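This is a predicted model, so every value here is computed, not measured. Chain letters run A, B, ... following the sequence lines, proteins first, then strands; residues in each count from 1.
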Amino acid sequence: MKNKYYITTTLPYVNSSPHIGFAAEVIRADVLARYNRQLGNDVFFNTGTDEHGLKIFRNAEEQGVTAQEYCDGFAAEFTKLKETLNLSFDNFIRTTDEYHIKAAQEFWKRCEANGDIYKKNYKVKYCVGCELEKTESELVDGKCPVHPNQEIEEIEEENYFFRWSNYQEKLLKLYKDNPDFVIPKHRLTEIKNFVESGLNDFSISRLKEKMPWGISVPGDEDHVMYVWFDALTNYVNTLGWPEGENFKNFWPGMQVAGKDNLRQQSAMWQAMLMSAGLAPSEQVLIFGFITSGGQKMSKSLGNVINPIELVEKYGIAAVRYFLLSELVPFEDGDFTIEKFEEAYNVNLANGLGNLVSRTANLIGKNEIEIDIKENSDKDFEGNVKKKMDIYRFDEAMRVIWGKIKESDEFLSNKAPWKMEDKQEIKEVLEIVAQNVLNIAYHLKPFLPGIAEKITEQYTQKQITKGDPMFPRV
RNA sequence: CGCGGGAUAGAGCAGUUGGCAGCUCGCCAGGCCCAUAACCUGGAGGUCACCGGUUCGAAUCCGGUUCCCGCAACCA
């Protein structure tokens, strides 16, 4: 019987084009999905788009289109990432999908039935930029410190609230019983501290007459759900919850997110799950951010890196390689075009590409037939696994590149191009070719396209030299 | 004392449970010449931010200090 493995990314909010940080997140999730498929597990991999809320409603108004049209445009752009980033997701959920809307309403009803939803008068200052209410202590000079150029709006209305405060002890118990619940450890510490400091119930609805772009609250046509409540439920809705077979088979699952999402994923959502009577997530991975030249990416600084343009210029393998290999997933990492090109030249062109070329060439020129098979090296496999078990994609790739270096050294030592005896040459090249084929095998989750190409080349009866896979830049 | 992260070769970074300080680029010298001006070998270059402690032994653990950064700019 196959193990079930469910993994989901967060759903990016569709108010701008795909961010390189989200690209890193979804590619890491893709690696875990592909790796688990390779291990023989039955995998369900989810991503999608978060499409409700005031910010989107207003953006659409400004552009003179309906909110749905506005979202459709972005959703198409994000869907295209499947090809652009070579992703293997099984479902792409949009929070405007009919099945999501129905399930989100069902989720609401369950929380309500459990006594965790109540109505109260709500008078608070609200920052449209954050889509969040602000307490007086959070404001600086009466303005949101995050969006100082936007006016704080006063909202006074009856809202529904979620009794987050009911879940403080249960969340702390969850963290205590599952010390690996949040990876890395320091993020678990952070969320534990936050929950310990006390939880305030949060508002989960908005008046429809003011902000119609949301999912109707069950049994109250005057309200729509607050975007966070609706969006978080996608992680089970995508599995067909409440009835779907997939839900029974795959939940609970792995969740990955950027560090800005720690609170939502590991505390708010977990409390919501408990309230609805569902099991908490299996584990939450919290990734670091990507800076650009040591600074936060910002349009005004002009240092925003567009992952799609990067792929168009350098190819998807180069982009996946950099994001997976040159960054420590759980810490902030820096991107510059210089580092990117250096990594490309050193590791893909001179390293992987060159080894594949020189080996194939030597075999072809000598007209040698060799006998090798996929994944023949159990030590190699074990070393990769050790790193994958702790989600260190960078170190797993370092293991793979160690095998490349070892093969280059071996070739230089043996110098088969000086040998006369065909049998002797064959013995050397068979070892190296076997290494290359194993490298390709372990590369499949990381650089699927390239790995397939190498595998195809090296499983021919007569291996011959191909065109360079990575021309130097 | 809001919560976290960080300081390691000229630059950029890694360093898991304490055990001879590593990687890439750059620099110097050599080799090879099968391969994409690539590949291999050797070398120079370190007060592991600072002070103290634990230990046979600390980049690593503990306490303190200084300086950066994120949470918290349009954002994942």
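- The P atoms of rA7(B) and rU60(B) are separated by 11 Å, rounded to the nearest whole Å.
- Within the 4.0 angstrom heavy-atom criterion, no nucleotide atom of any strand lies near Glu326(A).
- rA76(B) and rG5(B) are spaced 24 Å apart, taking the P atom of each and rounding to whole Å.
- With distances taken from any side-chain atom of Thr10(A) to the nucleotides rC34(B), rC39(B), rA76(B), the minimum falls on rA76(B).
- For the P atoms, the distance from rA37(B) to rG26(B) is 15 Å, rounded to whole Å.
- As judged by a 4.0 angstrom heavy-atom cut-off over every strand, Phe470(A) is placed among the base-contacting residues.
- Distance from the side chain of Asn350(A) is smallest for rC39(B) among the nucleotides rC39(B), rA76(B), rG4(B).
- Of the candidate nucleotides rA14(B), rC34(B), rC40(B), rC34(B) has the atom lying nearest to any side-chain atom of Trp417(A).
- The pair Lys339(A)-Glu342(A) fails the salt-bridge criterion, with no side-chain N (NZ, NE, NH1 or NH2) lying under 4.0 Å from an Asp/Glu carboxylate O.
- Between rG18(B) and rU55(B), the distance separating the two P atoms is 16 Å to the nearest Å.
- As rounded to the nearest Å, rC39(B) and rG4(B) have P atoms that lie 45 Å from one another.
- When the C1' atom of rA14(B) is taken as reference, atom CD1 of Ile390(A) falls 13 Å away, rounded to whole Å.
- Nucleic acid contact class of Lys365(A) (heavy atoms, under 4.0 Å, all strands): sugar-phosphate only.
- For the pairing with Ile400(A), the side chain to side chain contact (heavy atoms under 4.5 Å, CB included) check across Leu352(A), Asn438(A), Asn383(A), Leu443(A) returns one residue only, Leu443(A).
- Taking the side chain of Ser357(A) as heavy atoms from C-beta on, and the options rC39(B), rU36(B), rG4(B), the nearest nucleotide is rU36(B).
- Looking at heavy-atom distances under 4.0 Å, Phe22(A) makes contact with sugar-phosphate atoms alone, never a base.
- At the heavy-atom level, Val356(A) lies nowhere under 4.0 Å from the strands shown.
- Rounded to whole Å, atom P of rG22(B) lies 20 Å from atom CG of Asp394(A).
- Checking the phosphate oxygens (OP1, OP2) of rG15(B), a side-chain nitrogen or oxygen of Arg392(A) falls inside 4.0 Å.
- Aromatic ring centres of Tyr321(A) and Trp401(A): separated by under 6.0 Å.
- Remark: rC48(B) base-pairs with no nucleotide; criterion is Watson-Crick or G-U wobble with both hydrogen-bond distances under 3.5 Å.
- Here the side chain of Lys418(A) is nearest to one of rU36(B), rC32(B), rC25(B), namely rC32(B).
- Atom C1' of nucleotide rC68(B) and atom CG of Asp332(A) are separated by 13 Å, given to the nearest angstrom.
- Note on His19(A): a base of the nucleic acid sits closer than 4.0 angstrom, heavy atoms only.
- Counted by atom type alone, Asp30(A) and Ser88(A) present one or more donor-acceptor pairs between their side chains at under 3.5 Å.
- Taking the C1' atom of each, rA9(B) and rU24(B) are spaced 12 Å apart, rounded to whole Å.
- Side-chain proximity of Glu409(A) to the nucleotides rG4(B), rU36(B), rU41(B) is greatest for rU41(B).
- Among the nucleotides rU16(B), rG5(B), rG12(B), the one closest to any side-chain atom of Lys387(A) is rU16(B).
- Distance noted for atom C1' between rG45(B) and rA29(B): 15 Å (whole Å).
- Within a 6.0 Å sphere centred on CG of Asp467(A), heavy atoms belonging to other residues, nucleotides or ligands number 12 at most.
- The CZ-C1' distance, from Phe410(A) to rU41(B), rounds to 17 Å in whole Å.
- Geometrically, Arg187(A) does not engage Phe330(A) in a cation-pi contact defined by less than 6.0 Å to the ring centre and at most 45° from the axis.
- When the side-chain nitrogen and oxygen atoms of Asn193(A) are compared with OP1 and OP2 of rG4(B), one or more of them lie within a distance under 4.0 Å.
- Of the residues near RNA chain B, Asn347(A) and Leu352(A), the one whose nearest nucleotide (by heavy atom distance) lies more toward the 5' end is Asn347(A).
- The partner of rA7(B) is rU66(B), by the rule that a Watson-Crick or G-U pair needs both atom distances under 3.5 Å.
- Side chain of Asp334(A), nearest nucleotide from rC13(B), rG15(B), rA76(B): rC13(B).
- Atom C1' of nucleotide rC39(B) and atom CG of Asp408(A) are separated by 6 Å, given to the nearest angstrom.
- Residue whose closest nucleotide on RNA chain B sits further toward the 5' end, between Glu190(A) and Ala415(A): Glu190(A).
- Spacing of P atoms, rG52(B) relative to rA11(B), comes out at 26 Å, to the nearest Å.
- Cys71(A) has its side chain out of reach of Thr49(A): every pair of non-hydrogen atoms, C-beta onward, lies at least 4.5 Å apart.
- Rounded to an integer number of Å, the gap from CG of Leu188(A) to C1' of rG5(B) is 16 Å.
- Listed candidates were rG5(B), rC34(B), rA76(B). Nearest to the side chain of Glu331(A) is rG5(B).
- Rounding to whole angstrom units, CH2 of residue Trp401(A) and P of rC25(B) are separated by 14 Å.
- Phosphate proximity of rC40(B) to Lys405(A): present, with a side-chain N or O under 4.0 Å from OP1 or OP2.
- In this structure, CG of Asn261(A) is placed 10 Å from P of rA72(B), rounded to the nearest angstrom.
- In the set rC25(B), rG12(B), rC33(B), the nucleotide with an atom closest to the side chain of Glu342(A) is rC25(B).
- Nucleotide rG42(B) has rC28(B) as its partner under the Watson-Crick or G-U criteria, with both atom distances under 3.5 Å.
- Using a 4.5 Å heavy-atom cutoff, the side chains of Phe44(A) and Ile7(A) are not in contact.
- Among the protein residues, Ile290(A) comes within range of the nucleic acid bases, having at least one heavy atom under 4.0 Å from a base atom.
- If you look at Phe335(A) and Phe340(A), their ring centroids are closer than 6.0 Å.
- Of all nucleotides present, none satisfies the Watson-Crick or G-U wobble test against rA59(B) with each distance under 3.5 Å.
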